[in-house]
Amino acid sequence: MTQTPAFANSKVELHVHLDGSIKPETILYYSRKRGIPLPANTVEELQSLVCMDKPQSLPEFLAKFDLYMPTIAGCREAIKRIAYEFVEMKSKEGVVYVEVRYSPHLLANSKVDPIPWNQAEGDLTPDEVVDLVNQGLQEGEKDFKVKARSILCCMRHQPSWSPEVVAMCKKYQQQTVVGIDLAGDETIKGSSFFPQHLEAYEEAMRNGIHRTVHAGEVGSAEVVREAVDRLKTERVGHGYHTLEDEALYHRLLQENVHFEVCPWSSYLTGAWKPDTEHAVVRFKNDKANYSLNSDDQLIFKSTLDTDYQMAKRSMGFTEDEFMRLNINAAKSSFLPEDEKRELLARLYRDYKMPLPAEWDP
């Protein structure tokens, strides 16, 4: 797809994965530096293995991570670098504020059970991973003038990790970490109700930690209901299948729940069937609260502009709608209220829109 921006500047992005947005050059560099072989020697060869250009299943998509994550996980230098380079990438896409998410446990090789990616046991803990990502994001923010915050992911298939995830959210709340997420295979039966996930989300709520949940991407509307009613999520990651339950959808519209929409991702993972109308068209027509996001740029060989261009060319999006959805994204961000207001003021200024009447001059 073309990368010509549909809406060039001042974007807000709320749903993008750090480990799915690594530069191919960086993966090749650490493969060589750490002596971890890859079945590829050039960027083009690596992209032919890990990138998708036509729809595949979600399990096929997830298998891509097995190929390259061993080159990054467990390496302090690599983890800090991918966070820093991520902010640089966003600066080139006209993003002014981004929330990037990741599982600290999937980048660690110590005090994590099981140790991911068949790594040998080392000395890098999930807690130190968060510190390293924070450093990379903060240095990137300073150098590239993009405000960057992070969301820590619980994984549906590893509920034993969730108590530590919420503990790290509390510990690092003043250093980029603004929220908690539940990611992974939402079709695992009953995974929204695993006690350690529930307890982590209850603890997050008690401590003022913001909450989002992957739900309704390939799972049913019922998974969305579970996320809202049991996990008390404030935002829904993807959420397309909410539309299967009209009563639930209208309730979420009334409650102004935010949908983190990833159009190009939904095409490639098969979450959206191209012979049907995309859920985001309904969201647009109903003036729902939603954002456009890139999800996993490495694997989808995309930038955020890919999603904007797709929405503009194929779904009838206008510049006014791009402005509306970005303002809603800022309003639904996990920033503290004073920083959120600063971000909104910037967007209104950049969009040449008047400040809301209720704002004091």
Side-chain angles (χ1 to χ4, degrees), residues 3 16-54 56 58-93 100-137 139-140 143-144 148 150 153 155 158 183-184 265 268-269 294-303 306:
Q3 301 300 311
V16 55
H17 293 262
L18 179 63
D19 52 1
S21 303
I22 305 171
K23 291 169 64 175
E25 296 86 351
T26 302
I27 293 167
L28 291 167
Y29 174 82
Y30 284 106
S31 167
R32 296 182 189 113
K33 180 169 184 175
R34 300 179 70 197
I36 298 171
L38 284 170
N41 293 308
T42 66
V43 167
E44 292 73 25
E45 288 172 355
L46 182 61
Q47 287 176 327
S48 72
L49 291 170
V50 303
C51 295
M52 298 165 59
D53 55 12
K54 58 180 186 290
Q56 296 182 28
L58 208 56
E60 287 175 302
F61 157 71
L62 294 171
K64 307 285 187 182
F65 290 87
D66 295 330
L67 282 167
Y68 68 84
M69 280 300 289
T71 66
I72 303 297
C75 176
R76 290 172 173 83
E77 179 189 299
I79 290 164
K80 183 177 173 182
R81 176 169 162 177
I82 64 169
Y84 179 82
E85 290 180 342
F86 173 81
V87 185
E88 181 183 22
M89 281 193 285
K90 291 294 127 186
S91 72
K92 294 173 180 174
E93 296 171 21
V100 62
R101 63 188 70 192
Y102 65 98
S103 163
H105 295 78
L106 291 178
L107 288 164
N109 61 14
S110 174
K111 295 188 179 174
V112 53
D113 182 27
I115 296 172
W117 319 116
N118 296 315
Q119 297 175 90
E121 185 168 4
D123 62 358
L124 181 58
T125 65
D127 188 280
E128 191 182 351
V129 166
V130 177
D131 185 50
L132 289 162
V133 172
N134 289 346
Q135 290 177 43
L137 293 178
E139 290 178 19
D143 288 351
F144 303 112
S150 61
C153 296
M155 301 303 297
Q158 292 292 353
S265 161
L268 289 175
T269 62
S294 60
D295 206 8
D296 294 277
Q297 296 183 211
L298 165 66
I299 296 173
F300 302 140
K301 204 175 180 181
S302 66
T303 70
T306 308

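Contact record, R34 with P70: NH1-O, 3.3 Å, taken as the closest heavy-atom pair. Between A83 and V133, the shortest heavy-atom contact is CB-O, 3.7 Å. Of all the heavy atoms in C153 and P104, the pair that sits closest is O-CD, 4.2 Å.
A salt bridge is absent between D123 and K111: the closest approach of a Lys/Arg side-chain nitrogen to an acidic carboxylate oxygen does not fall below 4.0 angstrom.
The line from OG1 of T26 to CG of L298 is 10.0 Å long, rounded to the nearest 0.5 Å. Between atom CZ of residue R32 and atom CD1 of residue I27 there is a gap of 11.5 Å, rounded to the nearest 0.5 Å. Put simply, CG on L18 and CD1 on I22 are 6.0 Å apart, with the number rounded to the nearest 0.5 Å. Taken to the nearest 0.5 Å, the CH2 atom of W117 stands 10.0 Å off from the CG atom of L67. How far CD of E128 is from CG of L132: 5.0 Å, rounded to the nearest 0.5 Å. Distance OG/S21 to CG/D295: 8.0 Å, rounded to 0.5 Å.
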For a side chain to side chain contact (heavy atoms under 4.5 Å, CB included) check, start with the C-alpha distance between L124 and R76, then their side-chain angles and the critical distance, and finish with the verdict.
CA-CA 8 Å; L124 181 58; R76 290 172 173 83; 3.9 Å; yes

Could you walk me through whether L106 and M155 pass the side chain to side chain contact (heavy atoms under 4.5 Å, CB included) test, one step at a time?
CA-CA 10 Å; L106 291 178; M155 301 303 297; 4.2 Å; yes

Could you go through the side chain to side chain contact (heavy atoms under 4.5 Å, CB included) check for V100 and H17 one step at a time?
CA-CA 6 Å; V100 62; H17 293 262; over 6 Å; no

Would you check, one step at a time, whether the test side chain to side chain contact (heavy atoms under 4.5 Å, CB included) holds for V16 with R101?
CA-CA 6 Å; V16 55; R101 63 188 70 192; over 6 Å; no

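Judged as a ring-ring contact (aromatic ring centres under 6.0 Å, His included), and not counting sequence neighbours, the contacts of H105 are W161.
Applying the salt bridge (charged side-chain N to carboxylate O under 4.0 Å, His left out) test to residues at least two apart or on different chains, none of the pairs has a partner in residues 37-54.
When only modelled atom types and interatomic distance are considered, E121 and S110 share no side-chain donor-acceptor pair under 3.5 Å. Side-chain contact, K90 with Q297: a donor N or O sits under 3.5 Å from an acceptor N or O. Remark: the E77 side chain and the Y30 side chain contain an N/O donor-acceptor pair separated by less than 3.5 Å.
Ring geometry, F65 versus F61: the interplanar angle exceeds 60°, so the pair is classed perpendicular (tilted spans 30 to 60°).
Cation-pi check for R81 over F86 is not met; the charged atom does not lie both under 6.0 angstrom from the ring centroid and within 45 degrees of its normal.
Side-chain contact check for V112 versus T125: every heavy-atom pair is 4.5 Å or farther apart. Using a 4.5 Å heavy-atom threshold, the side chains of S294 and T303 count as separate. Considering only heavy atoms from C-beta on, S150 comes within 4.5 Å of N134 through its side chain. Here the side chains of M69 and D19 are in contact, with some heavy-atom distance below 4.5 Å. Looking at heavy atoms from C-beta onward, F300 lies out of side-chain contact with T306 at the 4.5 angstrom threshold. For the pair M52/K64, a side-chain contact is recorded, criterion being any heavy-atom separation below 4.5 Å from C-beta on. Using a 4.5 Å cut-off on side-chain heavy atoms (C-beta onward), L28 and N41 make no contact.
For S31 (side chain) and T71 (main-chain N/O), no donor-acceptor pair under 3.5 Å exists by modelled atom type.
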